[in-house]
Amino acid sequence: MKRRGFSLLEVIIAMAFLSVAILSMFWMNRASNQGSMDAYYEFLAFSLAREPIEVFRGFGYDYLKMVADGNVSPPAWYPVGTMKDIEFSLMSDMQYPAEARLFQRLIELTPVTAGKLQGMRIKVTVAVKGQSRVEVWMSRKAVSLESLVMERPK
Amino acid sequence: MPEVTGQSKRAGVAMFSAIFVMIIVGLLAMQFHYMTRQAQSTAFRFQTSELARQLAAAAIEEAFMYVHNETENQSGALFNKLVSRSSELDASNTGLDNKNSKGVPVPVVLTQAQAAAMPIGSRLKIDATARIVDFRNTDSTGARYYENEGVGTLELRVTVEPKPEFKKQLQGACTITRHHDYKIVSIVSRRDNNTQRTSYTNSYILDYALFVRDGQEEFASTYSHGFNSQNRMLAIDQTSLSADKYGKIYLGNRRGSHVFINLDSERKEMIPEPQKVEKIYEATDLETIEIIPALKKYIEAETSKLADQQGGDLESFKMSGQKAYFEYERYPMADEAYAANAELKGSRDLTRKGELKVAGQTEPPIVPAGIKFLPVNALDKIIEGDVRQRYFHYGYFFVDLSNCRLDLEISDEDFTIHLGDPELVEKFKNRRMPCFNFDHHGEINPDMMKLGYIKNNIANRFPEVLCRTDIENRYLKGLNTALPHPAMFHFRNAGSLDDPTMASVPFAHMNLWARRNAPTDRLEEYGIYQPAQKKLFLRGVIELSEPLVIGENGDVEYEGLGVIIAPGITIKNGLKRKPGTNSACILVTRGHPIEVSTENLVEAALVSMGRNDRNGQIIATRKMNLHGCIATDRLKLDKWAPGVEHRVAYDPFFKRNDDLYQVNIARWVTFERMVEQDE
C-alpha cells in the first residue's frame, strides 16, 4: 500500500505556523532577556547613585560646604564636579559588583538657600560607559538621584 | 480500512512530542517574560521609593531647621504657638487616637523646589507637620517651673507620597517621624514694681539694678565699708526712667536688721528735716547755773560776798540777759564733711567713740558713701529692704553770758551784778557745748558742763538734746517709711525666706539650660561667640566649663536673648546690643568674679552669686559704664578702681510687662521612625 505524503502546500503552511511560533518565542525571550538586564543595570546604576548621597549626608552640611567652596578635597572615592569611572580592585577599600566598572559617576554639589535656611543639593548622575555591554542592555544612558543636606545647629 | 503500521504510530508520537515541547518552551518563555516585567517594575518602584525616601530625609532636615530658626524669633507664629502650647499643636494631653488631629504645617520649600525639578519628584507631594507630644513643667523635685517654662518633645513628621492624580501610576511613599526635645526658658520675666514676686523665676535677679545677696554679712564684716568707701563711688542712675521701669535696689539686709550708708557732703540734702533746730528747750536760770559749774561757782561767790557785806541773806535771785538754749544741727557723717571744723569733727568722733564703747564695737575711720542712687526723690520706689542713712545729730547747749546780769535782793535791798569775770564771760560768750550722752562718757569736763544734770533733767524730756550718730532714718529723702523686703525663694520652691544667703541662685533650673559644661573654644565652633568678627549670638542658657574672656579684639555686638554661665568672666571691651533688636545679654558666675576692665559701654546684666563658700563679686578695674544691672554676693567696693565714679544705668529692658522666653530645640533625635510604602 502506498503511503500518502504531505503536499508541499501543507508543509509550507505548517512551517509558517511553526516559524511564527518559534520566532515569537525567540522574540519574547530576547525581549525578556533585554528587560531583565535593563532592570538589573538600572538597579545597579541607581544604587551607585544613592551611595554618595548617603555618605555625604553623613558628612554633614558644613563639610559639604567646604567641599563646594573648594576649601577641602572630597574623599577620593567621591570626586565632585567631574564624571569619573568607578574603579576598584580586589584590594580596594571600597567594593562594588563587577559590573560597576561599566559605569561613570558625576557628583554635583549646589548650595541652596531660602531665608535663613541653607542647604546643599546633592545630585548624582550615573552614566553608562561608552562601548560597554551595558550600552546594549540598558535602555537609558544615565540615571540620576538628588537630595538635600541641610545645615544643622551645632 | 487501511492497516495502521508501527511507523505511522511513531510519526504521531513525534508530532505530539514536538507540539508538547513547543508548548512547554512557550510557557517558559512567557514566564520569563512575566518575571522580566516584574523585575522592570520592581526597578522602577525602587527608584520611586528611593526618591521618596531621599526627599523625606531632606524634608525632615529642612523642617527641623525651619523650626529651629523660627523658634528664635520671639514674635514668630510658631514660637508663640510653641511657648503657649497652642491647642493647635499640643498633643501632649491628647489620647492616642486623636494625636494625629494635632499639628501645624511646616513649610519645606527647598525640598519641594528640588522635587519639582525632577521628573518623578514633581509628581510627589511633600508635607511636613510639627506637634508637641510631651511636655513637663516641673523639675525632678516636683518644683514647678515659671509660667510657660518647661521641657517638651516636639514631633516632626514628613510625608512624601504621589500626588492624587499620579497615585495609579506611581507606587512609592515614605513617612519619617522624628522627635526632638526642646526647652522653654524665661530669660526675662515680667515684674510689677508695686508688688513682690510670688514664686521663683530664673531671672528674678533682673528686677534689681543692684542686688547684694550677702550684704548684711559684708556690712558687718567690713564695718560698713562694703557700701561706704573713701575714694570709690558706684552711682546707680535711673533718672531717665519712669517709676514703673525702675530697677530695684536691695543691699542684702536680713529681716529685722538694716544696713546703712554714710551721708557725706554730697548727700547732705538727704538728712531729714529739720536739719537745724534752735531752741529745743530754753534753760531756766537755775538749770543754766546747774549745767555750768563755773557760773554757779561765780554766782555763789558773788552773792556770798554781798551777803557778808550786807550782813543778811539772799532773799531773791533773778538772772537776765543771758542766752541759754538747747539746740541741734544735723551733719553728714563722713570725715570729709568736717574738713573745716575740727571741733565739730571732735564731737562726732567722741560721740561715736562712746556709742562703740557701750556696744563693745570698733569702727575704722568713717568714710563717705560708696554708693549713690539717683533720682533721690524716688528712692522709696527703688529701694527694697531696710537701708538706713547715717548722719551726725549734733545736740548742744548754746550759752551766751556776755550780757548776763544778776538781780539780787539781800536784806530787802536790791542789787544788780554784771558778770565781772572777763574769763568767765569770754569762756561762755556764744558758746556751743556739745551734749554728750552721760551714759556713754560720764562727766567729760565737769567744770564746763554737767552732763549728768542734762541727762537727768533735760534729756529725759528732750532726747534730741544729746549728740548721737543717727541710723533711725531710712535712706529716703523726706520720708522714713518702711519699705517691703524682697521675696526670696528656697530651692526654687515657692515660699518666702528670711535669709537672703539661702535664697535660690538665678537661673538655677539647669534642666532648662541649652548647653552645659561646654569648653570656651566651643563657643566659636558653635557660632555663639566670634571674637574676630566681634559678634556674640545668644540663645538660651549656656554653661561653660572654663572662664570666659569677652572683647579681646574690641567692642562686641551681641544679638539674641541669652545667658552665659561661666567660672569667671572678664570683659575687656564694650559689649553692645545690636540696635533695633530684642536682645539681652546676661553674664553669670557662681562663686567666681566678673571683671570689667574697660571704660567702654557695657550693655549687660552682670550676676555673680550663688555659692556661699566662695566670693561672688564684680570688679571694675577701670571706670565702669554699665547699662544693665548688677547682682552679686558681696559688693567689695574696695576692689574696684579708685578715684573714679563707676556708673550703672539700669536697663529698662529688664523691667517689663511681658515674659521673654527662649526656645532651644535639641539637634539630637530622640526617636525616629521611617515607613516606606511601595504598594
Side-chain angles (χ1 to χ4, degrees), chain A residues 1-4 14 17-18 21-22 24-47 49-50 53-54 57 60-62 110 112-124 138-140 143-154, chain B residues 2-3 5 7-8 18 22 25-26 28-44 46-47 50-51 53-55 57-66 68-70 72-73 107-111 113-115 117-119 121 522 525-528 539 664-667:
Chain A
M1 182 180 168
K2 191 177 177 182
R3 292 179 58 205
R4 184 178 175 274
F17 276 113
L18 198 59
I22 291 171
S24 296
M25 278 190 290
F26 273 122
W27 176 85
M28 192 161 62
N29 198 45
R30 185 189 169 283
S32 300
N33 212 16
Q34 174 83 40
S36 292
M37 294 305 287
D38 181 36
Y40 171 68
Y41 285 123
E42 280 265 348
F43 192 90
L44 179 58
F46 212 75
S47 296
R50 183 174 67 162
I53 291 179
E54 298 294 347
R57 193 183 298 286
Y61 170 82
D62 290 342
T110 311
V112 290
T113 58
K116 282 185 172 180
L117 294 175
Q118 296 192 66
M120 190 65 68
R121 190 180 72 148
I122 309 171
K123 181 178 182 182
V124 182
M138 205 169 145
S139 57
R140 289 198 291 173
V143 297
S144 65
L145 183 62
E146 294 182 33
S147 193
L148 277 177
V149 173
M150 300 299 299
E151 182 188 31
R152 289 177 67 84
K154 298 179 180 64
Chain B
E3 184 183 348
T5 64
Q7 193 178 7
S8 298
M22 285 188 64
V25 170
L28 287 174
M30 287 173 67
Q31 176 68 14
F32 180 41
H33 190 68
Y34 174 75
M35 289 170 64
T36 298
R37 298 292 296 174
Q38 287 290 95
Q40 286 181 308
S41 175
T42 301
F44 180 69
F46 167 71
Q47 290 185 20
E50 180 59 25
L51 184 61
R53 192 179 73 83
Q54 290 294 345
L55 289 174
I60 196 85
E61 284 198 25
E62 185 181 349
F64 169 74
M65 279 310 296
Y66 177 84
H68 181 270
N69 290 341
E70 277 299 298
E72 195 173 25
N73 175 16
V108 283
V109 291
L110 285 174
T111 309
Q114 186 181 36
M118 292 188 278
R522 294 285 170 82
E525 185 185 326
Y526 296 155
I528 295 169
R539 184 171 181 176
N664 290 100
I665 181 164
R667 64 192 292 252

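Throughout, protein chains are lettered first and strands after them, A, B, ... in sequence-line order, and every chain is numbered starting at 1. None of the values given here were measured: they were computed from a predicted structure.
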Nearest-0.5 Å distance that lies between atom NE2 in B:H68 and atom CG in A:L117: 11.5 Å

Give, as side chain, backbone, both or neither, the part of A:N29 having an atom under 4.5 angstrom from any heavy atom of chain B. both

Can A:R57 and B:E61 be counted as an ion pair, charged N to O under 4.0 angstrom? yes

Gap separating the CG atom of B:L110 from the CE atom of A:M120, nearest 0.5 angstrom: 12.0 Å

Tell me, side chain or backbone of B:M65 under 4.5 Å from chain A's heavy atoms, or both, or neither? both

Quick one: what part of B:V25 sits under 4.5 Å from any heavy atom of chain A, side chain, backbone, both or neither? both

B:M22 versus A:M25, closest heavy-atom pair with distance: O-SD, 3.9 Å

Grab the two heavy atoms, one from B:G26 and one from A:M28, that are nearest each other, plus how far apart they are. O-CE, 4.0 Å

Looking only at B:Q114, B:M35, B:E70, B:E50, most heavy-atom pairs under 4.5 Å shared with chain A are made by B:Q114

Between B:F64 and A:M150, is any pair of side-chain heavy atoms under 4.5 Å apart? no

Residues B:F32, A:N33; criterion side-chain contact (heavy atoms from CB on, under 4.5 Å); working and verdict: CA-CA 8 Å; B:F32 180 41; A:N33 212 16; 4.0 Å; yes

Quick one, B:Y34 and A:S32 - any side-chain contact, counting heavy atoms below 4.5 Å? no

Does the plane of the ring in B:F46 sit parallel, tilted or perpendicular to the ring in A:F46? Use 30° and 60° as the thresholds. perpendicular

A:T113 versus chain B, the contacting section by heavy-atom distance below 4.5 Å: backbone

Do A:E42 and B:Q40 have side chains that approach each other closer than 4.5 Å (heavy atoms only, starting at C-beta)? no

Options A:G115, A:A49, A:A114, A:P153, ranked by heavy-atom pairs under 4.5 Å with chain B, top entry: A:P153

Chain A heavy atoms under 4.5 Å from B:E72: which part of the residue, side chain, backbone, both or neither? side chain

Are any non-hydrogen side-chain atoms of A:Q34 and B:T36 less than 4.5 angstrom apart? no

What I'd like to find out is whether the side chain of A:S147 reaches to under 4.5 Å of the side chain of B:R53, using heavy atoms alone. no

For A:R152 and B:R667, indicate whether the former's side chain and the latter's backbone hold a donor-acceptor pair under 3.5 Å. yes

Heavy-atom distances under 4.5 Å only: say whether B:A113 touches chain A with side chain, backbone, both or neither. neither

Rounded to the nearest 0.5 Å, how far does NZ of A:K116 lie from CG of B:N73? 7.0 Å

Give the C-alpha distance, both sets of side-chain angles, the deciding distance and a yes or no for side-chain hydrogen bond (donor to acceptor under 3.5 Å, both in side chains) between B:Q47 and A:R50. CA-CA 10 Å; B:Q47 290 185 20; A:R50 183 174 67 162; over 6 Å; no

As an exercise: rank B:R522, B:M118, B:E525, B:R37 by heavy-atom pairs under 4.5 Å with chain A and give me the winner. B:M118

